[in-house]
Amino acid sequence: MLEQTRSPNPTYNQAPSEGIVREILEKLPGPTEAAAKMLPPECYTSAEFFEFERREVFARSWLCVGRVEQVATPGDCLSAQPAGEPILVTRTQSGEIRAMAAICRHRGQVVPCAAGQKTLRCPLHFWTYDLEGNLIGAPHMGRENTLELRKSEKLTPIKLEIWHGFIFVNLDPLAEPLAPSLAKVEPYWAGYEDADLVGIPPRIADTPLPWNWKVHVENFTDAYHPEFVHRGTHDFAPSVTEDGGVVFTDMKPGDNAIIRTVPMLKPDGGMNRDGWGENPAFPPIKTISAAQRQRLTFVMIPPSMTMVFAPNAIAFTLLSATGVEATFASSDRQTAGGWLLPRSSTELPDFNDRAAQVLEGGAKIWAQDVPENLGMQRGKKSSFAPEGVYGPLETTLVQFNAWLLHAYMQAGLRS
Ligand code: FES
Ligand SMILES: [Fe+2]
């Protein structure tokens, strides 16, 4: 049992929670063990621990909520719920993109988006706000009173940063800037944006997946499983080859990206109706290097975003979690988007047919992952759950573990 082999870690003794969360935090491995030990299974099964993660991890992380294309012109608005908090992202009249809490300053109703409008209007008593969140009207509140309210009331601004056209928000007003934490991803962008990329936003998933969010992203980043789970769909991009295979990157303090790169058996492969293979549905991007045209790079931006750099596209997934076993993933695997493609590819006359081929191939890969994710979640509830053993193909999992431990430890230090 974990309790018998892990001594309580003094780092977590000041954890900000009581009860089961505190018990779990005290069981966590210390920093030196982190490279070798999985997290206690309760981190994946406890509703209280999930609430702790929502508050202390998601609400303090940079979370991608969409693409700039989704708020392309003044008046455009996007609703999102990072860490469960309703927010609005607007394009203001001056062309800026702003994020704000979607919570009315009158009595707290949620304020919806109304695309293409110059104001945001609360549906309950029609208080209105400009696209920067400033109160501009409050019916029947009295002229003097309204003038005073206009000076003091504003939808609470939320930190926002744009990274390669992705809109990230952070609910923590003291958060460090995002871009430096993603510096290690920059080399993988080389040449892509010279191809006049068009963002196709993901369709928001409407059905939760019945596993913990960490199971979901661990499956994404795991270089060990494709050879066994994805036979027939992933063989074209193997983690193990005679002269190499998967390549990992270092994880330095402050890094917020976990990266693995795998070679392809031939250049210019990509997704087709059978998964990864030659003869992909979309043509290669001419502006990237020969080396980039021979590999796939999987980038996880914890806790909620994944990306795949392929020779013909960048695919991305946005994840949100609403419960310990309720994970929403918006991705091209199940829905219809979450891509960056050269404009020339999106303008191909048979674009829809090609996209359908990618979805068909993606669905085959996904169908192979689903039972594994279900099984991993079930295994977390077993009294025989192991402490775990990581092998040489699982560096990204060790890195994710370290990232989580750091986030949990920060929560302890804040208390
Ligand atoms: S709660 Fe928004 S106007 Fe009353
Ligand atoms: Fe997989």
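All ligand and atom numbering here is 1-based and tracks the order in the structure.
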ask   = Tyr129 vs Trp127 aromatic rings, parallel, tilted or perpendicular, using cut-offs 30° and 60°?
value = tilted
inquiry  = Can you tell me how the ring of Phe351 sits relative to the ring of Phe282, calling it parallel under 30°, perpendicular over 60° and tilted otherwise?
reply    = tilted
Ring geometry between Tyr224 and Phe228 (parallel below 30°, tilted from 30 to 60°, perpendicular above 60°) = perpendicular
Residues which pass ring pair (Phe, Tyr, Trp, His ring centres under 6.0 Å) with Trp189, listed by chain and number, not counting sequence neighbours = Trp163, His164, Phe309
task = Sort by chain and number the protein N/O/S atoms found under 2.8 Å from atom 2 (Fe) of ligand 1.
result = Cys104 SG, Cys122 SG
ask   = Is the cationic atom of Lys214 (NZ for Lys, CZ for Arg) positioned less than 6.0 Å from the six-membered ring centroid of Tyr44 and within 45 degrees of its normal?
value = yes
key: Cationic tip of Arg260 above Phe248 ring, under 6.0 Å, 45° of axis   = no
ask   = Quick one: do the Ser181 and Glu176 side chains pair a donor with an acceptor below 3.5 Å?
value = no
Heteroatom N/O/S of Asp369 within less than 2.8 Å of the Fe ion (ligand 2) = yes
key: Atom of His230 closest to the Fe ion (ligand 2), considering N, O or S atoms   = NE2
query = What N, O or S atom of His225 is found closest to the Fe ion (ligand 2)?
reply = NE2
